[in-house]
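Worksheet for the structure shown next.
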2 protein chains.
Amino acid sequence: MTRCEDGNGTTKCGDHEICADCVLYNLLGQHAEDAFARQLLARLTHSKSALKTGEVLKREEEPFKGLFMLTTGALKTYTISEDGNEQIISFHLPGELIGLSAMGRGYHVGCTVAISPSNLCAMPAQDLEKLCAREPKLQRRLFGLATQELSRRERLHQLMSGSRAEGRLAMALLNIACRLQSHDGSSLHRFRLPMARADLAAYLGLTPETTSRHLRSWESKGMIATRGREFEIRKPNELERMAGQEHVDGQDQDKNRFNLRVV
Amino acid sequence: MTRCEDGNGTTKCGDHEICADCVLYNLLGQHAEDAFARQLLARLTHSKSALKTGEVLKREEEPFKGLFMLTTGALKTYTISEDGNEQIISFHLPGELIGLSAMGRGYHVGCTVAISPSNLCAMPAQDLEKLCAREPKLQRRLFGLATQELSRRERLHQLMSGSRAEGRLAMALLNIACRLQSHDGSSLHRFRLPMARADLAAYLGLTPETTSRHLRSWESKGMIATRGREFEIRKPNELERMAGQEHVDGQDQDKNRFNLRVV
DNA sequence: ATATTGACTTGACGTGCATCAAATGCCCGC
DNA sequence: GCGGGCATTTGATGCACGTCAAGTCAATAT
């Protein structure tokens, strides 16, 4: 799988040239085998948009108009509960598709905003439909992505209902590390957390205070090292144990890495 | 929408006749417009199985072999955490599809067992694939179901991370009432809870004790009435408020009912 | 009926996390 | 470099919920 070379936060995709590193290309390119599909693909991959931190991608209850593929940056989708608290439903990291869950329902639940400067490829619903009708493989691929995400959500439910604060936090950290790494090939053990700790807390149903306390406790035990949002995981096994996953070493490493991608 | 007339827990579907009341028929029937599809449909709808309480439908990590449509009864899928606790990932009620989340991944996460005597229609993967290839509408319908379930899971996450015990419990009760009703047309306000309270607790990340205490507290306030697993919801508005959903009455009733189907 | 088993309830107690409040560090524009 | 605003840390306190332990009830078998 090719990757975006976007170390500095800006995409290298040219304006009028299909970006070979773009995950969107990975998704569609392999299924685009005739002129019609290529043409659609070109339209899809060229309708790019850039968001600054805090800019809104889509608002609560907005009708579904298409999917987005995030190439660089990070977003969150959240709702505001009646008591005014922000509840984070999901984080979106580079290489991930945004909007699948709105397709069946027809409109979006929650508001999606950029939490870092982000670049996205927009995939309008009509174009997607045409392309799917023409390329059953793409249809199946999208279906597969939907059921995989469903499966990750189930695993997330498991962790949310089964773990206490420490376990949830460990799970989230490992998961984010793993998702970042699987896209840009960075290290699993060193990464920059894309979101504020308060966001992480809101995602896990915790308070920023609890989050901070556990992180500092881990730091004092030498399990992690942090400087602002820069994280270094020093004892992944311990963290994995707390996240409720047994550590497997040696040849099962891959399986283990897969498990981390649970959410 | 037609319904199973299964008041006594046994399906009325004949052995060699397509059951017009079966939800499976609702799913596939409308898309089966040629002889080939009908033939497949007949095969699908006739491979039925019955499970007694406690019998296993599929085990942890079993490879995906097909979907099931539950016609009567109820099932749960769960995993055992390393400390020996049962964590319930989902409940399956009549009219619902079982196994979607295993399609992308290729194998099942969690073990699925019957919690009441149940009847299912099995839909083998190969048959499904053939039928999908022939009937794009069916393919799209399945995709729509997957993304809808995804959307419900997101909403569930929201409730799990945002509500305390009382809110989660209210949400679960209303949700189950709504799902039961939407299949068999029974009352939203009176129903028989298909699972033990301990199962409900395990699903919500609570203990049976907490669950019991809240239920009794509601009962003492006249919000609900219970006799064993028979439930009567006396003040739905109060419950909805606790579940974090504003009550809407009058013409918005339908929208409200829809909201209840969140999970 | 009586015994038996498992589901449910109830109480006493401890703890993990939320809450409130304040201090500290960090980033950004000037 | 300096100051303002936000993110993060830290502490003190209270409550919701988990834990442990009995007890009650309901369903089924004897």
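For clarity, every value in this text was computed on a predicted model and none was experimentally measured. Throughout, protein chains are lettered first and strands after them, A, B, ... in sequence-line order, and every chain is numbered starting at 1. Reckoned from all heavy atoms, side chains included, excluding hydrogens, waters and symmetry mates.
A side-chain donor-acceptor contact under 3.5 Å links A/R168 to the backbone of A/S163.
Put simply, B/H214 has a side-chain N or O that comes within less than 4.0 Å of OP1 or OP2 on D/dC17. Regarding contacts with the backbone of D/dA16, every side-chain N or O of B/R164 stays at 4.0 angstrom or more from both OP1 and OP2. Proximity of A/R197 to the phosphate of D/dT8: a side-chain N or O atom is located under 4.0 Å from OP1 or OP2.
Rounded to whole angstrom, the span from the CG atom of B/L169 across to the C1' atom of D/dA16 amounts to 14 Å. Distance CD (A/E219) to C1' (D/dT8): 12 Å, rounded to an integer number of Å. As a whole-Å value, the separation of B/I115 CD1 from C/dA7 P is 12 Å.
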Evaluate the salt bridge (charged side-chain N to carboxylate O under 4.0 Å, His left out) criterion for residues A/R190 and A/E230: first the C-alpha distance (whole Å), next the side-chain angles of each, then the deciding distance (0.1 Å), finally the verdict. CA-CA 7 Å; A/R190 281 182 155 283; A/E230 299 294 335; 5.8 Å; no
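The listed nucleotides are D/dG18, C/dT9, D/dT9; the one nearest the side chain of B/T207 is D/dG18.
Between the side chains of A/S217 and A/S220, no donor-acceptor pair is found at a separation under 3.5 Å. Between the side chains of B/R153 and A/H157, at least one donor-acceptor pair of N or O atoms lies under 3.5 Å. For the residue pair A/E219 and A/T226, a side-chain donor N or O sits within less than 3.5 Å of a side-chain acceptor on the partner.
Within 4.0 Å (heavy atoms only), B/R227 reaches no atom of the nucleic acid at all.
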Protein N or O to nucleotides 10-12 of chain C N or O, pairs below 3.5 Å:
{"unit_1": "C/dT10", "atom_1": "OP1", "unit_2": "B/R216", "atom_2": "NH1", "d": "2.4"}
{"unit_1": "C/dT10", "atom_1": "OP2", "unit_2": "B/R216", "atom_2": "NH1", "d": "3.0"}
{"unit_1": "C/dG11", "atom_1": "N7", "unit_2": "B/R213", "atom_2": "NH1", "d": "2.9"}
{"unit_1": "C/dG11", "atom_1": "O6", "unit_2": "B/R213", "atom_2": "NH2", "d": "3.4"}

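The shortest side-chain heavy-atom distance between B/T77 and B/V113 does not fall under the 4.5 Å cut-off.
Nucleotides of DNA chain C nearest to B/A198 and A/L206 differ in position, and the one nearer the 5' end is that of B/A198.
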